[in-house]
Each structure stands twice: as C-alpha cells, then as structure tokens.
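Please read the structure below before turning to the comments.
Order of appearance sets the numbers: ligands from 1, and atoms from 1 within every ligand.
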Amino acid sequence: MVRLPLKQLLEDNPKKVLVLDGGQGTELENRGIKVANPVWSTIPFISDSFWSDESSANRKIVKGMFNDFLNAGAEILMTTTYQTSYKSVSENTPIKTLSEYNNLLTRIVDFSRVCIGEDKYLIGCIGPWGAHICCEFTGDYGPDPQSIDFYKYFKPQLDNFNKSDKLDLIGFETIPNVHELRAILSWDESILSKPFYIGLSVHEHGVLRDGTTMEEVAKVIKGLGDKINPNFSLLGINCVSFNQSPDILESLHQVLPNMALLAYPNSGEVYDTEKKIWLPNSDKLNSWDAVVKQYIGSGARIIGGCCRTSPNDIQEISTAVKKYT
Ligand SMILES: C[S+](C)CC[C@H](N)C(=O)O
Ligand SMILES: N[C@@H](CCS)C(=O)O
Ligand SMILES: [Zn+2]
C-alpha cells in the first residue's frame, strides 16, 4: 500500500491537516453535466457510453474535474456517489437489480481511484437519507423520523463500500437529522467495517437543520461510551454557510474537544430545492485564509469545500493550510 492508513496518518502526525476536494456535483455542472436530476452527480455514470467509450465527453469531464482538484492541492478526494443510493438509482435509472447496482458502484470507485492515483486518499461518499427527497437543508424527515429504516436505505451502498480496498474512508455527508445521526452511530463494526466520518448539515444559527443543538449532538456521542464503533474517525460540518462555518466548527470543538474534526462549507450561496439552482447571498464573504486559520485552531484535520466551491477555492485552502500548519 502506497498510503499509510488514514487513521494512522492522523494519529502519528497530530499537526497534519489534509486538503479535501471541492463541490463535485456543482463543478460537474459548471463543466456542462446536468446534475439537477434525481440521482444528482451519479448521472454521467449511468450511460453505457461512459464505460464503453474511452473518449466519451462525460468521461473527459469527470477526469478533468479530478485532475483540476488534484492540481489545486487536494490530498483526499471523494467518489461522486452522493445520490447513488440503491433507492435513488433503482427508482430513477434503468439500473434495477442489486447486482447491476453493485457493478455501477464498483465501476465508479475503480474509475475514481484510477483518476486520483494510488498516493491520494479516496472517500466513498454517501449522501443522507434526505438527499433522495431533497430535504438535507431542512432536516424535515416527516412526522415519524424515528420509524425510518435508515439501515435498509444505506445497506446496499454501505456493503459495497465496506468491501472496497480502493476506499480509505466512508463519508456520510450533509446529515441534517438527529435520528439519522443516532442510527449511523448505532452501527457496529459488522455493519460499518471501514473508518468513517459524519459531516453534519448545520443551520447558519449553529443547530442541526432539524433544530438539534451541538450539545445534544455531543450527548449522543458521549452517551455511547465504549460502545462507539471504533471506525468512527472524524465528525464535522459540510455544506454549511461559509461565513458562519468557523463559529459552528468551534462550537463542536467546545463540546467534543478530543474529536478529530473536518469542515467543508459551501460557497455561501443557498440551494433552491424547487428550481434546483443556487441563489446568490449578498453577504461579503470572509477569505479562505481567515476561515482555514480558525478551522485549524478548532481541531480540523480535513478541510475542503462543498457545493459551488471550485478548484480555485481548493488552491486557496491548500495555501492557507500550508501557512497555518
Ligand atoms: C447537496 S444538494 C445540492 C444535492 C441535490 C439535492 N439532493 C437534490 O436532489 O436536488
Ligand atoms: N458531495 C456532494 C454534495 C454534498 S452536499 C457533491 O459534491 O455533489
Ligand atoms: Zn454540498
């Protein structure tokens, strides 16, 4: 193996901060792929030509995106599988059986690994349950969230990623609801056998999108005591408002001072879930330099960008990480 196991790298080098890539779905959109569809950034991988034609336009676009994030300084990158749950794929594409689904996921992971090379870290990205009904920014999981069978929803993607030796880490992203958080944290090593992280979708006022405070989030984690899955490696925030994100991360650090954290905010724009477009925000944005400095002071070990952040943002993050570590 060219890479040290990620957990070992972080533990052996307490000052090391890894630069993550940026918003993949929105970057594919910038490059001409229509991601506003029920499987979001999975869409280029659904057509047979992506796999049969080495010179397919979409193949070049996805490769180009990975290349540009790498050249900007990313050391850890994600598979474009945010909305590739079995439910989303089987209900919205010609891929119907579990075996076809596994074939799709394995091909995407293998392709992503070839794109980034052996020396970089690869995250198997898993979006929240709410992504398939687009409520990751409200956390509204309906009247009876405690009865949602989260394991049934995640199992096919999880089983595939657990088995992949191409992946270093599983990333549950944009988790907006405490019932979902509790469910993920209740799974032991037989269900989640790879190192994993959880990225919380947090409101600009500093609470989980469903209203749960960071103190309550910490209580959920502390309450598990030594029953916690040892693969739980990092907790953090993603796709949260850019300007508010340093204070939100600091509030998480205050309540969980020993937890390795990660942060990758969005550009500060706001997603219109009906029209599936990003609306500008009139706030003047802080600089990446200032934001990264604060993240590092709050215990961040992985820093990158989420929706609407581009290779230019990753370049700025990379420069700031070098400056402050
Ligand atoms: C992170 S959001 C922008 C992904 C897309 C959303 N779940 C949708 O279905 O429109
Ligand atoms: N990682 C996803 C978005 C999460 S909000 C993507 O890049 O499309
Ligand atoms: Zn995002």
Side-chain angles (χ1 to χ4, degrees), residues 20-31 33-45 61-62 65-66 68-69 72 74 76-85 87-89 91-93 108-109 112 115-116 122-141 153 157 161 167 169-177 180 196-204 208-209 236-242 244-245 248 262-279 281 302-311 313-314:
L20 177 71
D21 58 358
Q24 297 184 322
T26 51
E27 189 54 27
L28 293 180
E29 190 165 50
N30 290 340
R31 295 166 190 236
I33 293 180
K34 205 177 165 303
V35 295
N37 78 88
V39 291
W40 185 243
S41 56
T42 322
I43 201 69
F45 306 108
I61 291 176
V62 178
M65 173 200 71
F66 276 121
D68 291 350
F69 281 132
I76 178 163
L77 299 98
M78 286 185 202
T79 57
T80 39
T81 48
Y82 178 79
Q83 226 145 293
T84 320
S85 67
K87 184 170 174 65
S88 288
V89 168
E91 288 180 1
N92 297 291
T93 81
I108 297 176
V109 171
S112 310
C115 286
I116 71 166
L122 186 61
I123 299 167
C125 167
I126 303 186
W129 178 89
H132 83 286
I133 47 169
C134 203
C135 59
E136 60 270 68
F137 298 120
T138 63
D140 180 358
Y141 276 23
Y153 177 83
Q157 196 167 4
F161 284 178
L167 294 174
L169 188 65
I170 289 174
F172 290 94
E173 296 192 298
T174 335
I175 302 296
N177 185 289
E180 184 169 34
F196 71 97
Y197 76 78
I198 299 177
L200 302 173
S201 175
V202 179
H203 193 272
E204 58 186 19
L208 205 61
R209 304 277 181 178
I237 52 173
N238 80 281
C239 222
V240 300
S241 309
F242 186 82
Q244 286 75 19
S245 61
I248 299 172
L262 86 171
Y264 51 110
N266 59 37
S267 62
E269 291 156 283
V270 177
Y271 191 57
D272 178 328
T273 55
E274 293 294 316
K275 298 192 187 122
K276 296 195 186 291
I277 53 169
W278 291 85
L279 304 172
N281 179 341
I302 297 181
I303 300 176
C306 203
C307 295
R308 300 282 287 169
T309 62
S310 66
D313 294 287
I314 302 310

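For atom 9 (O) of ligand 1, the nearest protein heavy atom (residue, atom name, distance) is Gln83 NE2, 3.0 Å. Among all protein heavy atoms, the one lying closest to atom 7 (O) of ligand 2 is Gln24 N, 2.9 Å. With hydrogens left out, the protein atom closest to atom 8 (O) of ligand 2 is Trp40 NE1, 2.8 Å, a heavy atom. Scanning the protein heavy atoms around atom 6 (C) of ligand 2, the nearest turns out to be Gly25 N, 3.6 Å. The nearest protein atom to atom 1 (C) of ligand 1, hydrogens excluded, is given as Tyr82 OH, 3.6 Å; this is a heavy-atom distance.
Between Trp129 and Tyr141, the ring planes are tilted. Angles from 30° to 60° get that label. Between Tyr153 and His132, the two ring planes are tilted [angle within 30° to 60°]. Using cut-offs of 30° and 60° on the angle between ring planes, the pair Tyr197 and Tyr264 is perpendicular.
With contacts defined as side-chain heavy-atom distances shorter than 4.5 Å, the pair Cys306/Phe242 does not qualify. Annotation: side chain of Phe137 is not in contact with side chain of Pro176 (no heavy-atom distance under 4.5 Å).
For ligand 2, the polar-atom distance check finds no N/O of Thr174 at less than 3.5 Å from any of the ligand's N/O atoms. An N or O contact shorter than 3.5 Å links Lys276 to ligand 1 by distance. Any N or O atom pair closer than 3.5 Å counts here, and Trp40 shares no such pair with ligand 1.
Annotation for ligand 1: atoms under 4.0 Å from non-hydrogen atoms of Glu136 are 1 (C), 2 (S), 4 (C), 6 (C), 7 (N). With ligand atoms numbered from 1 in the order given, ligand 1 contributes 3 (C) to contacts under 4.0 Å with heavy atoms of Trp278. Within ligand 2, the atoms closer than 4.0 Å to a non-hydrogen atom of Cys239 are 5 (S), numbered from 1 in the order shown. For ligand 2, the atoms lying closer than 4.0 Å to a non-hydrogen atom of Cys307 are 3 (C), 5 (S).
With hydrogens and angles ignored, the 3.5 Å screen pairs a side-chain donor or acceptor of Asn238 with a backbone N or O of Thr174. For the pair Ser201 (side chain) and Glu136 (backbone), a donor-acceptor distance under 3.5 Å is present. Using modelled atom types, no side-chain atom of Gln24 and backbone atom of Val62 make a donor-acceptor pair closer than 3.5 Å.
A side-chain contact (heavy atoms from CB on, under 4.5 Å) with Cys125 is found for one member of Leu167, Ile108, Thr81 and no other, namely Thr81. Each of Asp68, Ile76, Leu77 was scored for a side-chain contact (heavy atoms from CB on, under 4.5 Å) with Asp21, with one residue passing: Leu77.
In Glu173, the part holding a heavy atom less than 4.0 Å from any atom of ligand 2 is the side chain.
Geometry at the Zn ion (ligand 3): SG/Cys307 and SG/Cys306 form an angle of 130°, nearest 10 degrees.
At least one heavy atom of Ala131 sits under 4.0 Å from some atom of ligand 1.
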